[in-house]
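Structure first, then comments.
These figures come from a predicted structure and were not determined experimentally. Throughout, protein chains are lettered first and strands after them, A, B, ... in sequence-line order, and every chain is numbered starting at 1. Side chains included, hydrogens not; waters and symmetry mates left out as well; all remaining heavy atoms used.
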Amino acid sequence: MVTLTIDGKEVKVPQGTTILAAARTAGIRIPTLCYHGRLDPIGSCRMCVVEIEGIAHPMAACTTPVEEGIAVISNSDRIQRIREDSLKLILVNHPLDCPICDKGGECLLQDLVYEFGIDKVEYQAPKPARESLYATPLIRYWPDRCVMCLRCVTACREIKGIGAIEIKGEGYGSQVVVIDAEKCQSCGECLSVCPTGALTENLSRFKGRPWLVERVPTTCTYCGCGCQLELNVQNNRVIGVTTQEGKGVNLGSLCVKGRFGYEFIGSDERLTTPLIKKDGEFKEASWEEALTLVAERFGAIKEEFGPDAIGGLSSARCTNEENYLFQKFMRGVIGTNNVDHCARL
Amino acid sequence: MTNPIKDVLKAKAILAIGTNTTENHPIFANYVKEAVLKRGAKLIVADPRRIGLVDYAAIWLRHRPGTDVALINGLMHIILHKKALHKKEHIETCTVGFEEFAANLEKYTPEYVSKITGVSVEDLEAAAVIYAESSPASILYAMGITQHTSGTDNVKTLGNLAMLCGNIGVVGGGVNPLRGQNNVQGACDLGALPNVFTGYQKVADEEVRQKFAKAWGLEELSAVPGLQVTQMFPAAEEGTLKGMYIMGENPLVSDPDLHHIEKAVKKLDFMVVQDIFLTETAQLADVVLPGVSFAEKDGTFSNSERKVQRVRKAIEPVGEAREDGWIICQLATAMGYSMEYVDSRTVMDELRKLTPSYAGISYERLEKKAIAWPCPTEDHPGTPILHVGEYACGKGVFFPIEFRPPAENPDAEYPFILSTGRVLQHFHTGTMTRKGEGLSQLYPEPLAEVNPADAEKLGVEDGDFVNIASRRGNIKVKAWLTDRPAPGVVFVPFHFGETAVNQLTNAALCPDSGIPEYKVCAVKVEKAS
Ligand code: SF4
Ligand code: SF4
């Protein structure tokens, strides 16, 4: 264990811990922008600079490991100025188009600008025309909003092991570029770690401001990984899928199906009423009619040929509770063990 | 799975066999890649196709489809008979059946196995040494192992390999089947199987039957194990099965040898399909009942690692559609047996009382945290790793297993092997993933993966249409020239009802599991006019 002080408070942490992590264990907040819990520290934004007594230069807390006996000062006039300048430098490039940005209301940059009370930016950057082509059609890239934090590039490489995107160019001309679109899995990991509105979902026709959207935590309906996600709901419509960093077996990560495969829920092709076939054609029916008919027909088959003349296929798509009820129905009500599902297929 | 998903991060070596993990279990694949890229684990990929994981592998064994038993026996022969790298102490104290098993391996020499599988002797030796010398080592498999007539043998052989090297019941080890669908695990756990009630309690067991009969207020329950899905359709064709109730399944796209299935379904007196879309199967029904999606219901799913997790209702059902549980209960009531529950929690509370492995899993606890079964009491933490320090049913059993070739092999008339499976962007019969614009934009139509060497001989170019025919049917599909399949093998995804590749597949079943041989059937491929 290493002992140090942060703002005069003694902190004990294991060797190798960063100053940022040590501060967090001690409940001391150091602002960050590029830092992300699932990624190795990137150290690109300079928001987390701190002073260490006896060292002239301010250090980035996210990349600097603790050392025995050091005294860290998490905030000072000088530090405050450096952080403000870093933010202003970003804003030179970043338009304040928050009212039309999907991210408005849950944007890390917006929060920091607000926190630091930056109300004007003295300089204006020349704005070279930049490409907004992206690795997948499901995501839109807004180069002007990009703060070059490298989270997307790092996530694609570290979490997905892919590396489809990279940052290229110098100074104000730099931007995210696609180095291998073939490799991109359209997983949206880059989208989900982007702290600003530089990457937005290009799929939902229905948009909702974050504060108007209800987020319901649930489990993905596709493969057996069982990823935890949140359905974003507005006006009884699922308009998107988000995750909580670090939550579930997926730790906030998703694949293309989990993140973008929600459109079927609101599809116009959904069945909305019971149907009964008459003379080879389906006719809409009430529940009462449909249920009575099914009960009669199953009853008649059971009467004439015995319960084992009826078979039931339950569903791996349905819940545990529904599978329990289904087999209870087949075994208890119909009276047969002819019940299975698609595990074999 | 015996071990939790994230456990793979602690493995020193990983054998991924018959699992196209990056496409079918992408989040699991994240951890496999992280294990390799960040933690230095060695990955062995055994797959006839050049799947995404091959890019991360220390070694790739491209064995011929359907030769898994020979391959694994070959690896074990090297570990045991050639290099003596097996874990003797573990075998002596924790297992039975070793002698016979070891004797059976004798003939699986690298040379013999190389002839069957097409994998070189050097690669076999290298892979065997990596698996045996890295401890712990984890085995991952999926449908590429089970969808064979030798499926159960394949699984047992993998069990043998893990036991031979002491990888059962240890962190970072295990034999881990990846479940293909969100709640296959739960459907099995909760008794949607013909021979068992919930928690794998046998219908043949008198005491078990009495327990359920009593709880459900009935005199008695049937002791005769029922039909498996792959037996139901033949029974319908013979006329012994008259009625079917199908909830949330689409056998007219997903099942093998579709022409037969369709004929069988048409012979039924009465079929009810409960689904969220008018699927290919629903179109043939007499009555269609509108169920709801996962977004419109409360309940739980059990994932691949046996973790029970909450599903929460986010929106109200569309139109007159109703929760599937509600429909089942209404139907029961209409048939004279009252089934009433206020919500999914009360169903869970009832099934917990009847299911020892789920007994301790309450909604209150699930609010805080997912729980892996077995969880016998409310103060039990759940069981993330099975078989720690002991095997579930006493000692681990070695099975001597012989290689058996697939049911249908290529010949002069049908010279190619056809394998079916999924692609990243779609799911199962496509009923959900093909309804929106997003995923369909990425993968709009079925593509037959054809090796360029075969394509050249067939005079087929990328994007040309080909006719693929088996003894049972034929389809016309666009060709994608890629080195993903080996020469002599074509791969077609089964998500597309209008180009249903299951018209071609062979309904030959694994005799123990009843799983059809989707991964191997003989076909011919021709350029379409
Ligand atoms: S969508 Fe996924 S694969 Fe594509 S660039 Fe983003 S993180 Fe990488
Ligand atoms: S998000 Fe992808 S990996 Fe996760 S459960 Fe859903 S389908 Fe599986």
> Can you list the steps and then say if Lys297(B) with Glu321(A) is a salt bridge (Lys or Arg N to Asp or Glu O under 4.0 Å)?
Replying inline: CA-CA 11 Å; Lys297(B) 59 173 75 157; Glu321(A) 292 76 2; over 6 Å; no

>> Would Asn182(B) and Thr219(A) count as a side chain to side chain donor-acceptor pair (under 3.5 Å) here? Give the steps.
In response: CA-CA 9 Å; Asn182(B) 58 337; Thr219(A) 305; over 6 Å; no

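In terms of heavy-atom proximity, Ile310(A) sits nearest to Leu241(B) at C-CD1, 3.7 Å. Shown here for Ala187(B) and Asn323(A), the closest heavy-atom pair between the two residues is CB-OD1, 3.6 Å. When all heavy atoms of Asn24(B) and Cys223(A) are compared, the closest pair comes out as O-CB, 3.4 Å. Closest approach of Met232(B) to Gly311(A), counting heavy atoms only: SD-CA, 4.2 Å. Across all non-hydrogen atoms, the minimal contact from Gly261(A) to Leu439(B) is CA-CD1, 3.6 Å. Shortest non-hydrogen contact noted between Ala321(B) and Arg270(A) is CB-NH2, 4.4 Å.
Using a 4.5 Å cut-off between heavy atoms, Ile328(B) contacts chain A through both its backbone and its side chain. Heavy atoms of Ser186(A) lying under 4.5 Å from chain B belong exclusively to its side chain. Contact annotation for Ala213(B): neither backbone nor side-chain heavy atoms come within less than 4.5 Å of a heavy atom of chain A. Residue contact with chain A, scored on non-hydrogen atoms closer than 4.5 Å, is absent for Ala235(B). Neither the backbone nor the side chain of Gln185(B) comes within less than 4.5 Å of any heavy atom in chain A. Interface residue Val311(B): backbone and side-chain heavy atoms are both found under 4.5 Å from chain A.
Here the straight-line distance linking atom CG of Asp269(B) with atom CZ of Arg297(A) works out to 6.5 Å at 0.5 Å rounding. Of the inter-residue distances, the one linking Lys277(A) atom NZ with Asp286(B) atom CG reads 6.5 Å to the nearest 0.5 angstrom. Note that the CG atom of Asp324(B) and the CZ atom of Phe326(A) stand 10.0 Å from one another [nearest 0.5 Å]. From Thr218(A), atom OG1 reaches atom NZ of Lys313(B) across 12.5 Å, with rounding to the nearest 0.5 Å. Considering CD of Gln441(B) and CG of Asn202(A), their distance stands at 8.0 Å, rounded to 0.5 Å. With rounding to the nearest 0.5 Å, the separation of CG in Leu325(A) from CG in Leu190(B) is 9.5 Å.
For the side chain to side chain contact (heavy atoms under 4.5 Å, CB included) test, residues two or more places apart in sequence or in another chain that qualify with Ser440(B) are His426(B), Arg434(B). For Leu150(A), the side chain to side chain contact (heavy atoms under 4.5 Å, CB included) partners two or more places apart in sequence, or in a different chain, are Ile42(A), Ser44(A), Val153(A), Thr154(A), Ile167(A).
The side-chain heavy atoms of Pro194(B) and Asp340(A), taken from C-beta on, include a pair separated by under 4.5 Å. Taking 4.5 Å as the limit, some side-chain heavy atom of Leu275(A) sits within range of a side-chain heavy atom of Leu278(B). In this structure, the side chains of Asn320(A) and Asp189(B) stay at 4.5 Å or more apart for every pair of heavy atoms. Between Lys328(A) and Glu350(B) there is a side-chain heavy-atom pair separated by less than 4.5 Å. Proximity of Glu249(B) to His341(A): side-chain heavy atoms (C-beta onward) are separated by under 4.5 Å at one or more points. With a 4.5 Å cut-off on side-chain heavy atoms, Arg317(A) and Met432(B) count as touching. A 4.5 Å side-chain heavy-atom check between Lys6(B) and Leu251(A) finds at least one atom pair inside the cut-off. Side-chain atoms of Leu231(A) and Phe294(B), non-hydrogen and from C-beta on, do get closer than 4.5 Å to each other.
Side-chain N or O atoms of Asn303(B) include one that pairs as donor or acceptor with a backbone N or O of Cys225(A) at under 3.5 Å. Not one N or O on the side chain of Thr319(A) forms a donor-acceptor pair closer than 3.5 Å with the backbone of Gly299(B).
Note that Arg331(A) lies in the cation-pi zone of Phe197(B), set by a 6.0 Å cut-off to the ring centre and a 45° limit from the axis.
When the candidates Thr433(B), Leu424(B), Thr198(B), Leu289(B) are compared by the number of heavy-atom contacts under 4.5 Å with chain A, Leu424(B) comes out ahead. Interface check for chain B: of the options Phe305(A), Trp287(A), Phe282(A), the most heavy-atom pairs under 4.5 Å are formed by Trp287(A). Put simply, of Thr355(B), Asp55(B), Val308(B), Val203(B), the one with the most heavy-atom pairs under 4.5 Å next to chain A is Val203(B). In terms of heavy-atom pairs under 4.5 angstrom with chain B, the leader among Gly248(A), Cys187(A), Gly226(A) is Gly226(A). Per-residue counts of heavy-atom pairs under 4.5 Å with chain A were compared for Glu316(B), Glu323(B), Glu23(B), Arg345(B); the largest is that of Glu316(B).
For the pair Lys242(B) and Glu304(A), the salt-bridge criterion is not met [side-chain N within less than 4.0 Å of a carboxylate O].
Partner Phe329(A) forms a ring-ring contact (aromatic ring centres under 6.0 Å, His included) with one of Trp216(B), Tyr337(B), Tyr245(B) and no other, that one being Tyr245(B).
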